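If you're wondering where the values come from, they're calculated on a predicted model, not measured in any experiment. Per chain, numbering begins at 1; letters A, B, ... match sequence-line order.
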Amino acid sequence: MEQRYDPRKIEAKWQKYWEDNDLFAVKEEPGKQKYYLLEMFPYPSGKIHMGHVRNYTIGDVVARYKRMRGFNVLHPMGWDAFGMPAENAAIANDTHPAKWTYDNIDAMRAQLKQMGFSYDWSRELATCRPEYYRWEQWLFLKMYEKEMAYRRESFVNWCESCLTVLANEQVEAGMCWRCGQPVRQKKLWQWFFRVTDYAEDLLLYSDRLPGWPEKVITMQKNWIGKSIGAEIRFPIASPVDKDDTEIPVFTTRQDTVCGATFMVLAPEHPLVMKLSRGTAQEAETSGFVERMALQDRSAKSLESFEKEGVYIGADCINPLTGKKIPIYTANFALMEYGTGAVMSVPAHDQRDFEFARKYGLEIVVVVSPPGQSLDPATMQEAFTGEGVMVNSGMFDGMPNTRALDEIARHLEQSNLGKKTVSFRLRDWGISRQRYWGAPIPMIHCNRCGIVPVPENDLPVLLPEDVEMLPGGKSPLPSLEAFVETSCPDCGGAAHRETDTMDTFVESSWYFERYCSPGYDRGMFDPAAVAYWMPVDQYIGGVEHAILHLLYSRYYTRVLREMGLVDFKEPFTRLLTQGMVCKETLSCPEHGFLLPDEIKDDGEVRRCIKCGHQVTVGRIEKMSKSKKNVVDPNVLLDKYGADTTRLFCLFAAPPERDLEWSEQGVDGGYRFLNRVWRFYTDWVRRVASVKAFSGSPESLDGAVKELYRKTHQTIVKVTDDIEQRFHFNTAISAVMEMFNHMSGFEPDDAMEDTLMVMRCAMDNMALLLSPIVPHFAEELWLALGNTTSILELPWPTASDSALEKEELLIVVQVNGKLRSRFSVNADTDDETVKEKALADERIQKFISDRPIKKVILVKNKLVNIVV
RNA sequence: GCCGAAGUGGCGGAAUUGGUAGACGCGCCAGACUCAAAAUCUGGUGGACCUUGCGUCCGUGAGAGUUCGAUUCUCUCCUUCGGCACCA
């Protein structure tokens, strides 16, 4: 053992050893229990960041731990390699997205290897490779056959800066999730996956994912957004033709149907222009509709958003009251939700109320709050609570909660409507007008229409000999060699689909591909998937709570429908780790500052450019733009992988945000150094000694204490990793044990003493091995072992070592701690009570007050109530 | 506005089932080693008070409640963070 701890030397050495001996490569072993541990694969941006380091460190501890527990652990890594940054970088640096991507992958792979993660690198995959995406195209064809994939013209979220379409999930508060620019509505022909077919099932199974954080499940449920209500058909007063004689609406408040005094259609609703044509309102209506089409989606989400609308010049009939009510179109009605039409009940819906007040529309109260009556003329806001039905004919006097059912039944019987559910979730638009993605395997033939590429012609290769266009427009549509083709059906001239698939399609099945990454007869080898899937533990950022995790759940259902897998849920347990945060530093003149843009003159920190005092800002998620990032490479150089890992695990439990602290990292480094020095001191003395394994009864004093502490620590660390993934407390337990060891000064060097120390040193190396693997290997080697610590099983505690012959009993008077004493472990309860009552200090507190009650918690506490 | 999570020393965080609040680490203070410093090692470190004791009182965002006993359970409120937000 070297005198000095030199992480760079030992880390390189062990990484080579693991790699040369292929220690993390696994295969299916039917006799052995499998454990599939997966961390979300990264986008190959060029460099790993602290978020990756944290995520993958957490995963690696679990993988290594499970491996020591005897599981056959699948722990793969790969690259989510399609996507826009590659195109942008290619344009900026005059290179090709493929080259940029593959270079980045090489760089990041090297970094991950330097961290010492236990991946089975033989399973590495990159989603941009044809071997990968050809199977995604294959599944697309199958989905097309089953009408699970379809094409339609629709209004889509369009980002002007990315020049592409976004799924609803990818629009955040009206802005593009990637670039933050406003999203506009644009009408385009698009490919969709019919996710809505599974809305009910996805929702149902949300409650059957006990290993998922409640937060994520709630977010998914809200996203799916199930509403139970009714569809009611409102006849059009003067229909223009036979096709459209009524307008269906969706409502969750069918009890208020008699209070519906006007109808609102979304501006894009086809009936808006159809009904207003030829009326006096036509010009105003079409002007409004056009204006609305240009309105930013971002504006709609603003608080100040003004509700506006126009009368379209047509009316319909309230089916229950028979009254004629006007039809409006307004900006708050959404074409994508329900039927795109709203029956407006101003008395009982705040939004409708505001609209009615603004345009002077009639308000009819149909639910009266208990014990009072509402006057439409003086109401200040809509009444949305429970009450009694009024102005509703035969339903008057009924509680509205009952009318909800009764009216629904009545509508159904009279053939005016039906009970139904509506979902907020919409079909997944997967078309992207981008180059760097998997081509959608479809052909447009002038004669035959849309024709799928025959299975034998797969993959539809993404051409690599392209010139990237400035501005970021996809080069595919103008690439004749790609576009021009012949129709598989009629042989005539045809052109290829030039849209590529959303990259979230790739990440919806990569975990299955890992099971048999080289498989060339299908998406994956069914036997391998049957063995490894589902993923036992998935770890990643909460930012994917909806997007990736919901898509993956959906895609798994598709695979199941196709008979390719026999499970519904891909991820049994999910851990969403917190963000890595750091304070921001800024200068009033130069904005955010990096640490090396600051000079410290001893008293205050100043901007290196202008000398202004530096402002210490909030602690925020590390981001390049805020310049509060820490480069993992710098840490690796300065401290090595083990210290970096140790700090990431020690500073906070995984689900919480981690606040970066340079001093904390330093503390971790010091701990490893202390342990190193301790081993260099002791290793010679215990080298030829076996670890103590006899009966603890033969030990006493500090020796026995150390032996017990060792076993207590095994229990604690095992529990923390196994039950809760609380590595921070596992590490502090090991630190405690080490404090015990370093304070251990035996009176004699009896053999037992050395054997107990040897036992502690062996176990400490084992307990640390998932956390700081290189370091632990080196300790293990120093102890005279010749095999890798990886070959050893996880230690187990012996019950006899844990037994205590003395127990500490605390004594309370009226719930306040007053005294404590120890007793033999076999002392009976009565004796403990007596001893507590007899205690001098307790007597002082009781004085002459009568004792009302004595509560005894076994082996722990006595509380005397006076 | 709705839903969810969190709030504990100077700081990160412990306290797993209602039973010794502050483990472990950082920082700070004192001491040892040193010509000196760094590194390292040892000890101390929630607050207040005094009679300096194995002392008393206070203390887990605020207030109430349940309980012999509450960081933990219940209610109300405050703050912070996250998600959703015209979803009919």
query = Does any N or O donor sit under 3.5 Å from an N or O acceptor when you compare the side chain of A:Glu214 with the base of B:rG4?
reply =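 Flag unset: no donor-acceptor pair detected.
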task = Spell out yes or no: do the side chain of A:Arg426 and the base of B:rC87 have one donor N/O and one acceptor N/O closer than 3.5 Å?
result =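 Per atom types, the contact qualifies.
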task = Measure from the side-chain heavy atoms of A:Phe845 and tell me the nearest of B:rU56, B:rU20, B:rG83.
result =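 Minimum distance to the A:Phe845 side chain belongs to B:rU56.
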task = Name the closest nucleotide to the A:Arg818 side chain, picking from B:rC57, B:rC54, B:rA88.
result =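 The answer is B:rC57, which lies nearest to the side chain.
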key: Any A:Arg618 side-chain N or O less than 4.0 Å from OP1/OP2 of B:rU80   =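 Checking A:Arg618 against B:rU80: no side-chain N or O falls below 4.0 Å of OP1 or OP2.
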task = Taking only the side-chain nitrogens and oxygens of A:Arg424, find out if one of them lies under 4.0 Å from OP1 or OP2 of B:rA88.
result =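 Negative; the distance criterion is not met.
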ask   = Can A:Glu620 and A:Arg618 be counted as an ion pair, charged N to O under 4.0 angstrom?
value =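 Result for this pair is yes, salt bridge flagged.
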key: A:Arg357 with A:Glu381: basic N within carboxylate O range, under 4.0 Å   =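 Salt bridge between A:Arg357 and A:Glu381, a charged N being under 4.0 Å from a carboxylate O: no.
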Acceptor/donor pairs from residues 850-859 of chain A side chains to any protein atom, 3.5 angstrom cut, sequence neighbours excluded:
residue	atom	partner	partner atom	Å
A:Lys858	NZ	A:Asp829	OD1	2.9

message = With syn defined as a glycosidic angle within 90° of 0 and anti as the rest, where does B:rG27 land?
response =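 Anti, angle beyond 90° from zero.
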request  = Answer whether the closest heavy-atom distance between the side chains of A:Ile809 and A:Lys835 falls below 4.5 Å.
outcome  =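 The answer is no, as the side chains (C-beta and beyond) never meet within the 4.5 Å cut-off.
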task = Hey, can you tell me if A:Tyr359 and A:Tyr328 have their rings parallel, tilted or perpendicular (30° and 60° cut-offs)?
result =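 Plane angle between 30° and 60°, so tilted.
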Within the sub-3.5 Å range, which N or O atoms of nucleotides 14-17 of chain B have a protein N or O partner, and how far apart are they?
residue	atom	partner	partner atom	Å
B:rA14	OP1	A:Asn728	ND2	3.2
B:rA14	OP2	A:Arg656	NH2	3.1
B:rA15	OP1	A:Arg724	NH1	3.2
B:rA15	OP1	A:Arg724	NH2	2.8
B:rU16	O4	A:Lys716	NZ	2.3

